[in-house]
Amino acid sequence: MKKLTFKLFYAALVSVLFTVFGSAASAQPSRPNIVFILADDLGFTDTAPYGSEINTPTISTLAAKGLRFSNYHTAGSCAPSRAMLLTGVDSHRAGVPNIPEMLPPEQTKYPHYRGVLGRNVVTIATLLQDQGYHTYIAGKWHLGMTPDLLPSARGFERSFIMADSGADNWEQKPYLPIYEQANWFADGKRTTLPDEFYSSRFLIDKTIEFIDSNADDGEPFFAYVPFQAVHLPVQAPQEFIDRYMDTYDGGWDELRRQRYHRAVELGLVPKNIAMVDMQTTADWDKLTPKQKKYQAKRMAVYAAMVEAMDFHIGRLIAHLKDIGKYENTIFVFTSDNGAEPSGPADPDTALTRFALARQGYENDYQTLGLKGSFNSIGPSFASAAASPLSYYKFYSGEGGMRVPLIIAGEALQSQSRMTSAFSFATDIAPTILEFAGVEAPQPRFGALRYAGRKIEPIVGRSLVPLITGETARVYGEDEPIGYELGGNSALFQGDYKIVLNRGPVGDGKWYLYNIVDDPGETRDLSRNEPERFQAMLGAYIRYTEENGVLPVPKDFNAQQQVALNGLRERAGPAILIGILLLLIVVPFALYARTRHRLK
Amino acid sequence: MKNVLRNLLWVLTGLIALNFLVTGLRWAVAPSGAAETFNMSLFNGAALSSQIGDIGAFFIGMGLFVLLGMVTKKREWFFAGAILVFAAALFRTLAWLFHGASLMMQFIVPEIVIGTLLLVAAKKLTADHSQRPE
């Protein structure tokens, strides 16, 4: 009996060992490395394969080695996009319906409106790490700063991250007065930046260092590289700036037209589409020659920052080729939202200079974009960066939500192709999981759990069938995809979109567009197709109910809310210290007074 | 003239107490900014507990000692404050001599000055001498 038991045990052990090691050994060669590159605030036509005059040879090479998406959408602001990209879950369900800096107190009292990645979602980094992937991140995180929310607690084996909405690109310095300091963390611990720092170069150096640290163990890696480029402050090395000093002398209207024509030539948008002129675009012809020269340099620095990012991505690819890992690597390149319009229309005012000086910045023409300089492109050039689309970052117009997406790799079936299939930020996570051969968590006994915790299901679709050519679209004609951020709202269904943009740029009304025929959102169809319009409005209401979307306060102004929250954040401790100090000192003073009177 | 000097000493001692209290409270309320003032970065876990607990307690204690000295007019409270602040200057010097720390004269000099002021206050503002300015 004992012998039989032993034999049975031996047989079971052998089969388990064979299953574990056998399957691992056979699976290894087919599991690709994945490099997920996320640009920050990069507009729809800011790279060469999307119609830009900016020199981006590396991104062009990636486009030639993969599939370009001309109808890919993300959120209008960074943290909600990042939450969706890393989890495949709607931003409201993931706990990041808006950036934390912009949430009004009326909303932050709700647990899913804290602006940090909830514990009810699992990142693809966790899922990949649990299946043997090495997982790395070097760049902007912006999904929470406490130890339990940092990448080291969310599935990343190695991390070097900046936790804020942005920071200086040349040194460890906050870019807005709402931050006391630039919050950088290495492997979950606060850290400082080296003296020789430029963000794009440093983040690629770190990524290479992480990849090399485990290069020989045969396990694949997932490297997430969320660049600071081209977020504020717009800064770049001088040698890159020099290449664009004469490029933008024609102004923003000319640039918007140029990019429109190029986008048409490339087939990104249909021929003869119309474009809106944003009300925030200034009249170039009314500028003085000196003002034109300054504005042209603002954009030159921006272009330089894009090219510098491209250059350093090129270094990463060259390194992967050197160590023999390029052939088995899949690249995903995209942006977190559309081009950033923030920044003064006229930077040469005493108030602007005073405000910058308070932050330790200047914006002189000669040094624009270099260390100690604060640069932005403002709403006029931002509209050109989003050409031929309307609106820009923060808004739910196409210019805020439609951004480049390239999925590339030597081994992919799609080479140098483009798709106009609708896709959304939540699709990236399931796509990466399918590339890695990792199954998304499945419900058991009616509940979806991971590592003992109840989690939200992935709602995105894998884009792999588009890459393999199995299908021309991943969403059906009637499938609605809802979206909301700070009251700016949209719902996509087939080729159509209903959209509402709040002030100060939008009018707070709903419109209906066919974004395939009219990506510039110029012809409102709500009166021509009232049934479709009403049906889509109904679908949007259902989306808000299903995802816990809260209304914004009536007078909500996003930029003012950021300033208010910043003031509260910065002045709050001082007020508290003052109150506590009074509580300590007053009893002493009363005691001394009583003593004095008694005498 | 003596009264003027005594008034001045009383005000200075009060400001020293307030400064200590504010520094201590900053460690409790906004430790990252407080750490930056001392050229430190914030630690994590147990080290952070010690960092906030020990340094915060040091400064709150110092502020309360000086306030108690001013209110009760007992010199022992000023002595306690002076001993702590002189000890801080001494340990900074030892850290420089034996442990490779930077010589932080911008901290050591004020500490010696404050310690000396507290000793003077112990002599001039306590019950054995003329009382707090009327």
Side-chain angles (χ1 to χ4, degrees), chain A residues 145-153 159 163-164 167 171-174 177-194 360 566-599, chain B residues 10-11 13-49 51-52 56-57 59-74 77-78 81 125-127 130-134:
Chain A
M145 211 188 304
T146 51
D148 59 320
L149 293 171
L150 287 169
S152 46
S159 61
D164 310 319
E171 55 190 316
Q172 189 158 3
K173 178 172 162 180
I178 60 170
Y179 299 110
E180 195 173 346
Q181 59 183 331
N183 294 291
W184 284 87
F185 294 84
D187 296 324
K189 292 181 179 164
R190 279 192 178 274
T191 192
T192 52
L193 296 176
L567 190 67
R568 199 175 290 128
E569 183 87 6
R570 293 295 301 272
I575 293 166
L576 189 56
I577 286 170
I579 292 167
L580 291 172
L581 192 64
L582 275 177
L583 287 176
I584 293 171
V585 172
V586 165
F588 278 94
L590 290 174
Y591 173 72
R593 201 174 158 191
T594 314
R595 233 176 104 109
H596 179 66
R597 278 187 181 167
L598 286 174
K599 280 185 179 173
Chain B
W10 195 83
V11 170
T13 312
L15 287 176
I16 288 169
L18 284 181
N19 184 47
F20 281 139
L21 288 173
V22 168
T23 309
L25 289 172
R26 281 188 79 192
W27 277 100
V29 173
S32 59
E36 212 172 294
T37 316
F38 290 91
N39 293 339
M40 286 180 192
S41 54
L42 274 189
F43 300 137
N44 284 308
L48 179 63
S49 170
Q51 191 182 22
I52 293 176
F59 282 103
I60 284 284
M62 287 285 296
L64 290 176
F65 289 164
V66 179
L67 268 188
L68 281 166
M70 292 173 73
V71 171
T72 62
K73 303 195 184 310
K74 288 184 178 168
W77 292 115
F78 287 118
L125 297 182
T126 50
S130 49
Q131 301 301 301
R132 184 179 75 77
E134 302 300 322

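Chain letters run A, B, ... following the sequence lines, proteins first and then strands; every chain starts at 1.
- A 6.0 Å sphere centred on CZ of A/R568 holds more than 12 heavy atoms belonging to other residues, nucleotides or ligands.
- Listed options B/V29, B/L68, B/I60 were ranked by heavy-atom pairs under 4.5 angstrom with chain A; first place goes to B/V29.
- The environment of NZ in A/K189 is sparse: at most 12 heavy-atom neighbours from other residues, nucleotides or ligands sit within 6.0 Å.
- Rounding to the nearest 0.5 angstrom, the gap separating the CG atom in B/L18 from the CD1 atom in A/I584 is 10.0 Å.
- Across B/L25 and A/L581, no two heavy atoms sit closer than the pair CD1-N, 3.6 Å.
- Here B/L21 contributes atom CG and A/L582 contributes atom CG; the two are 11.0 Å apart, rounded to the nearest 0.5 Å.
- A pairwise comparison of heavy atoms in A/R595 and B/V71 identifies NE-O, 3.6 Å as the closest pair.
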